[in-house]
Amino acid sequence: MRIAFALVGMLVMTVVAVGVLFIGVLGFTPTTTCSGACQAPLVITLAGTVVIGLCATFATWFRAVRAPRAAVPWLGAALIIVLYLVSLQIAQNVL
């Protein structure tokens, strides 16, 4: 049962990560030339989503093939959503 819960969590985390990456690129790409703070939401969204996704995947399956840590992908999906909301707040202040 833990393997099925972990696999469904991985699927949910992957869908959330792809959605956040897609919306992040569309929403946070600067339309005018800028450097520094105006690119912060885009960089945070792109780098943070990849790092959280890789860490959650590694933490779920490393040395735990028979009994994966089933709650970690769900936590990763929640952290990716929180990261996107933080990027939105930063974008409202910067852009």
ask   = Side chains of Pro68 and Ile3: closer than 4.5 Å at any heavy-atom pair?
value = yes

query = Applying ring pair (Phe, Tyr, Trp, His ring centres under 6.0 Å), which residue pairs with at least one partner in residues 23-48 are found, sequence neighbours left out?
reply =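 Listed by first then second residue: Phe28-Tyr84.
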
request  = Determine which pairs satisfy disulfide (SG to SG under 2.5 Å) with at least one residue from residues 3-38, sequence neighbours left out, and list them in order.
outcome  =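 Checked against disulfide (SG to SG under 2.5 Å) - neighbours excluded - the pairs reaching residues 3-38 are Cys34-Cys38.
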
Check residues 87-95 and write down every donor-acceptor pair under 3.5 Å in which the side-chain atom is one partner and the other belongs to a residue at least two apart or another chain.
residue	atom	partner	partner atom	Å
Ser87	OG	Thr45	OG1	3.0
Ser87	OG	Leu83	O	3.1
Asn93	ND2	Gln89	O	3.3

Result block: side-chain N/O donor-acceptor pairs under 3.5 angstrom for residues 7-16, not counting sequence neighbours:
residue	atom	partner	partner atom	Å
Thr14	OG1	Met10	O	2.7

ask   = What's the shortest heavy-atom distance between Ala59 and Arg69, and which atoms?
value = O-NH1, 2.8 Å

ask   = With sequence neighbours excluded, what pairs up with Thr49 under the side-chain hydrogen bond (donor to acceptor under 3.5 Å, both in side chains) test?
value =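 In terms of side-chain hydrogen bond (donor to acceptor under 3.5 Å, both in side chains), with neighbours along the sequence ignored, Thr49 is linked to no residue.
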
Distance-only check: which donor-acceptor pairs under 3.5 Å involve side-chain atoms of residues 19-26, not counting sequence neighbours?
none

request  = Output the rest of the hydrophobic cluster of Val43: all Ile, Leu, Val, Met, Phe, Trp and Tyr residues reachable through side-chain heavy-atom contacts under 4.5 Å, sorted by chain and number.
outcome  =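 Answer for Val43: none, a lone residue.
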
Pairs under 3.5 angstrom only: tabulate donor-acceptor contacts from the side chains of residues 74-81 to other protein residues two or more places apart or in another chain.
residue	atom	partner	partner atom	Å
Trp74	NE1	Phe5	O	3.4

query = How would you list, by chain and number, every residue that makes a ring pair (Phe, Tyr, Trp, His ring centres under 6.0 Å) with Phe58, sequence neighbours excluded?
reply =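 So Phe58 forms a ring pair (Phe, Tyr, Trp, His ring centres under 6.0 Å) with Phe62.
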
